[in-house]
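One structure is given below, encoded as structure tokens.
Computation of the quantities below employed the complete heavy-atom set of this structure, encompassing side-chain atoms and omitting hydrogens, waters and symmetry-equivalent molecules. Everything numeric in this text was worked out from a predicted model, so none of it was measured. Residue numbering restarts at 1 for every chain, and letters A, B, ... go by the order of the sequence lines.
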Amino acid sequence: MSIRITLPDGSERTMPDGVTGYDVAADIGPRLAKAAVAVTVDSAMYDLHRPIPHDATVSIITDNTEAGRHVLRHSAAHVMAQAVLELFPGSTFAIGPAIQDGFYYDFSVDAPFTPDDLERIEAKMADIVAADQPFERDELSIADALVQFEDHPFKREIIAGVDADEGVEGDTVSTYRNDAFLDLCRGPHVPSTGRLKAFQLMRSAGAYWRGDETKAQLQRIYGTAWESRKALDAYLVQLEEAAKRDHRKLGNELDLYSFPSELGSGLAVWHPKGGILRRTIEDYSRRTHMTHGYEYVVSPHVAKADLWETSGHLNFYRDGMYPVMELDGGEGKPGQEYFVKPMNCPFHILIYRARSRSYRELPLRLFELGTVYRYERSGVLHGLMRARGFTQDDSHIFTTETDLAGELQRLLDFVLMVLRDFGFDEFEADLSTRPDKYVGNVEAWKRAEEYLAASLDSADLSYQLAPGEGAFYGPKIDIHIKDAIGRRWQLSTIQVDFAQPENFGLEYATNENTRERPVMIHRALLGSVERFVGILVEHYAGAFPMWLAPVQTTVIPVADRHAEYARSVGDQLLGVGIRAHVDDADETVGEKIRRAITSKHPAVIVVGDNDVEHSTVGLRLRGEDSEQRGIPVVEAVAQLAEMARPPR
RNA sequence: GCUGGCGUAGCUCAGUUGGCCAGAGCAGCCGCCUUGUAAGCGGCAGGUCAUGGGUUCGAGUCCCAUCGCCAGCUCCA
């Protein structure tokens, strides 16, 4: 008997019965066989040494692909669990998958792991890898499996919860054994532990069983594993690179902002250089909104409880709000309750409702740089990226339902234009649809979802559907960008809202003088100005494009006698709107240049005797190895002014 | 909020098992030098060791609480 193997390139081979993925790989070539870690048989993943049961399309998974690393990492997770169970008698284990760049395993142990424990575990893992223990697959009935794992309640819960995603096929489950260690697992795994060439444990942290904070708290250990020491080292270097870009670190080094603990967590103050950066972004935002059909409005930071009652925030969002302030109360008299705003929408709605509205005014686009405060749980705070006080480039668009599709279209074009202006050009979107708990009618939801999808299609933006992830009041689009080192950040959000116009009884007069209810769109493009600055800092590693750079040009006199000329050059730069700084400190030229470069200033001008004599400057631009000398001042000023011009 | 880790001059860090251990570099200030493209030289000043309690003859070091930071979990109308 023989079976027919089809390879990904379409070629076919006839192989003897009982052939394995490894045999196929070896038949193709020894190098492939060496790099192979698993195989796909039709759509299923198989271990390398598991016989292929029937004619199939087979492709070899090698260790230097994402799928291959996934297998390596999953196997590494097993080895880690094996080490932990050996080192910590009485401990038990829960779930241990491969994840992006690594793996983790959750354990229930007497005491949380210490850094020393991680070292011991890593050493034990190295022993297991050195022993090159084969992974052996087996299938058990559910009843047998429950007995096998009788000491491991989490595993029993998984088995009892029979789920095809967790190693369960019909009424049997698969297990993998290496040496004395047995784990419930769908596989596949590498043939033996010796294949794990490069791994490292990263950290431990608490995690809840099944991700549910009401359930048992487990101890999770994160690790990473790669196909080679070289690949692991490259990954560790990349982590260091990301750490160097950390906006909290750079914000401090570049003197942009700080988080004084006296303020309380999640609250920042902006230093002059950060202030001008922010200001530049905000000016850009206001300017582009004004030229794209928006009207600028302003609203206060607090409002009476009634407003938040009507908007539904007190019902749905109270936990995210700063607690109530009671004013004018006392002596038995109840006071007036106020809340700090967590969102701007109710204010914009009141502006809409300040007088009767006609269809002729719609779409009405109200825009505000609105500062909101949210009582984020302390554990989620993260520099500017997740703060308790932040400013949204927020707008609420009131439109007829007829115009909704066109408005969404126009909006998406606007979003992409803005993000491109800041130097982002890779986008991904999520389309979140109706959740179980929702307001409004299903038909309207459906239409809104279709309009959102259509706008994404026509903007040629690829998107992922997130079923049921919409807000209770309407579906939404979230737009993510990829930064310079490939990380994905969610920035813009566009949300359709059927609920608030209802809550506030909004209306407009139609051309037949009947009353209709407008639809609202909530949208923020940069999201929060704070977070956006954080993302820009990390994207550019602090070396901002010239139009955003807090200091755009540093002017350095060679000696004291050139200071006056340097100041006149500086004044000419200031005169054309360039943020120039004359560094006439009592230091050597080399030192002052170094200072300007490490502060990431885009341009450095040095002036000495020759320049004073000929009205020229020496110009060094960021990113260029050497300077140009003897440039006429007027030329340099014109060139820098051009470079510093905002995108629009 | 939960679990773990952490908190020593503006910044980056040293400070053995509690006992002449409160230190260094950079930044700052004051001098000298007058500089042509990534760190000139010398000096000075700067910390209630996050805060508040406690243990001890003695606490930066041990314990407790609070505040803040980090990682992860959870959350992210």
Side-chain angles (χ1 to χ4, degrees), chain A residues 99 104 106 109 111-115 117-118 202-222 243 246 248-249 252-253 255 258-267 308 311-321 342-343 345 372 374-383 385-386 435 437 469-474 476 478 490 493 495 497 499-500 522 527 554 556-563 584-599 604-612 617-620 624-630:
Chain A
I99 54 173
Y104 68 79
D106 287 345
V109 283
F113 297 109
T114 65
D117 291 338
L118 294 194
M202 306 300 283
R203 62 179 70 90
S204 64
Y208 301 102
W209 169 235
R210 299 284 198 196
D212 182 340
E213 63 184 318
T214 64
K215 296 199 168 129
Q217 175 121 31
L218 305 173
Q219 295 301 319
R220 175 173 298 178
I221 301 177
Y222 285 89
D246 191 312
R248 293 164 301 194
K249 180 181 158 69
N252 190 30
E253 286 172 6
D255 198 16
S258 58
F259 302 89
S261 59
E262 291 85 344
L263 292 183
S265 4
L267 301 169
W308 305 111
S311 67
H313 284 86
L314 287 180
N315 259 334
F316 289 97
Y317 197 64
R318 187 162 193 154
D319 288 347
M321 296 168 68
M343 295 185 197
C345 29
V372 297
R374 296 185 185 174
Y375 191 73
E376 302 282 359
R377 293 167 84 175
S378 60
V380 309
L381 300 171
H382 182 84
M385 303 298 195
R386 194 83 183 266
K437 191 178 155 202
E469 292 293 309
F472 73 89
Y473 53 72
K476 64 172 179 178
D478 292 317
Q490 189 200 309
T493 170
Q495 312 188 347
D497 184 353
Q500 295 290 19
H522 305 241
T554 303
I556 298 172
V558 170
D560 288 350
R561 64 180 177 280
H562 311 120
D584 56 2
D586 186 13
E587 292 288 350
T588 58
V589 173
E591 165 59 15
K592 285 190 279 194
I593 287 173
R594 195 187 79 91
R595 198 189 289 174
I597 290 173
T598 54
S599 305
V604 179
I605 280 176
V606 178
V607 293
D609 288 331
N610 292 333
D611 297 301
V612 173
V617 299
L619 179 61
R620 168 193 278 262
E624 291 181 8
D625 293 338
S626 59
E627 76 280 6
Q628 307 162 262
R629 299 211 186 167

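Rounded to whole Å, the separation between the P atoms of rC6(B) and rU16(B) comes to 14 Å. Atom name P, nucleotides rA22(B) and rA59(B): the rounded distance is 13 Å, in whole Å. With P as the reference atom, rA50(B) and rC11(B) are 13 Å apart, rounded to whole Å. Rounded to the nearest Å, the gap between the P atom of rC75(B) and that of rU8(B) is 33 Å. To the nearest whole angstrom, the two P atoms, one in rA9(B) and one in rU55(B), are 27 Å apart.
The side chain of Ser265(A) contributes an N or O atom lying less than 4.0 Å from OP1 or OP2 of rC69(B). Side-chain N/O atoms of Arg561(A) include one lying less than 4.0 angstrom from OP1 or OP2 on rU35(B). Applying the 4.0 Å criterion to OP1 and OP2 of rG4(B), one finds that Ser204(A) has every side-chain N and O outside that range. Between Tyr375(A) and the phosphate of rG1(B), there is no side-chain N or O to OP1/OP2 separation shorter than 4.0 Å. Phosphate proximity of rG1(B) to Ser378(A): present, with a side-chain N or O under 4.0 Å from OP1 or OP2. Regarding contacts with the backbone of rU34(B), every side-chain N or O of His562(A) stays at 4.0 angstrom or more from both OP1 and OP2.
Nucleotide rC73(B) holds its C1' atom 18 Å from the CE atom of Met202(A), rounded to whole Å. Atom CG in Asp255(A) sits about 20 Å away from atom P in rC26(B), given to the nearest Å.
Side chain Arg386(A) to base rC75(B): a donor-acceptor pair is found below 3.5 Å.
When distances are taken from the side chain of Arg248(A) to each of rG36(B), rC73(B), rA71(B), the shortest belongs to rA71(B). Here the nucleotide nearest the side chain of Tyr208(A), chosen from rG72(B), rG1(B), rG68(B), is rG1(B).
Checking rC32(B) for Watson-Crick or G-U wobble geometry (two distances, each under 3.5 Å) identifies rG40(B) as its partner. Summarising the base pairing, rC20(B) is matched to no nucleotide, lacking a Watson-Crick or G-U wobble pair whose two defining distances lie under 3.5 Å. When Watson-Crick and G-U wobble pairs are counted only if both distances are under 3.5 Å, rC6(B) pairs with rG68(B). Pairing for rG58(B) is absent, judged as Watson-Crick or G-U wobble with the two contacts each under 3.5 Å. Remark: rU74(B) base-pairs with no nucleotide; criterion is Watson-Crick or G-U wobble with both hydrogen-bond distances under 3.5 Å. Across every strand in view, rG47(B) sits unpaired, with no contact that passes the Watson-Crick or G-U test at under 3.5 angstrom. Figure legend. rA27(B) is base-paired to no nucleotide; pairs are counted as Watson-Crick or G-U wobble with both atom distances under 3.5 Å.
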Identify each atom pair where a protein N or O and an N or O of nucleotides 37-44 of chain B are less than 3.5 Å apart, giving names and distance.
from: rU37(B); atom 1: OP2; to: Arg629(A); atom 2: NH2; distance (Å): 2.9
from: rU37(B); atom 1: O2'; to: Arg620(A); atom 2: NH2; distance (Å): 2.4
from: rU37(B); atom 1: O2'; to: Glu627(A); atom 2: OE1; distance (Å): 3.3
from: rU37(B); atom 1: O2; to: Arg620(A); atom 2: NE; distance (Å): 2.9
from: rA39(B); atom 1: O4'; to: Glu591(A); atom 2: OE1; distance (Å): 2.9
from: rA39(B); atom 1: O4'; to: Arg594(A); atom 2: NE; distance (Å): 3.4
from: rA39(B); atom 1: N1; to: Arg594(A); atom 2: NH2; distance (Å): 3.3
from: rA39(B); atom 1: N3; to: Arg594(A); atom 2: NH2; distance (Å): 3.3
from: rG40(B); atom 1: OP2; to: Thr588(A); atom 2: OG1; distance (Å): 2.8

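No salt bridge links Lys592(A) with Asp584(A); every basic N to acidic carboxylate O contact stays at or beyond 4.0 Å.
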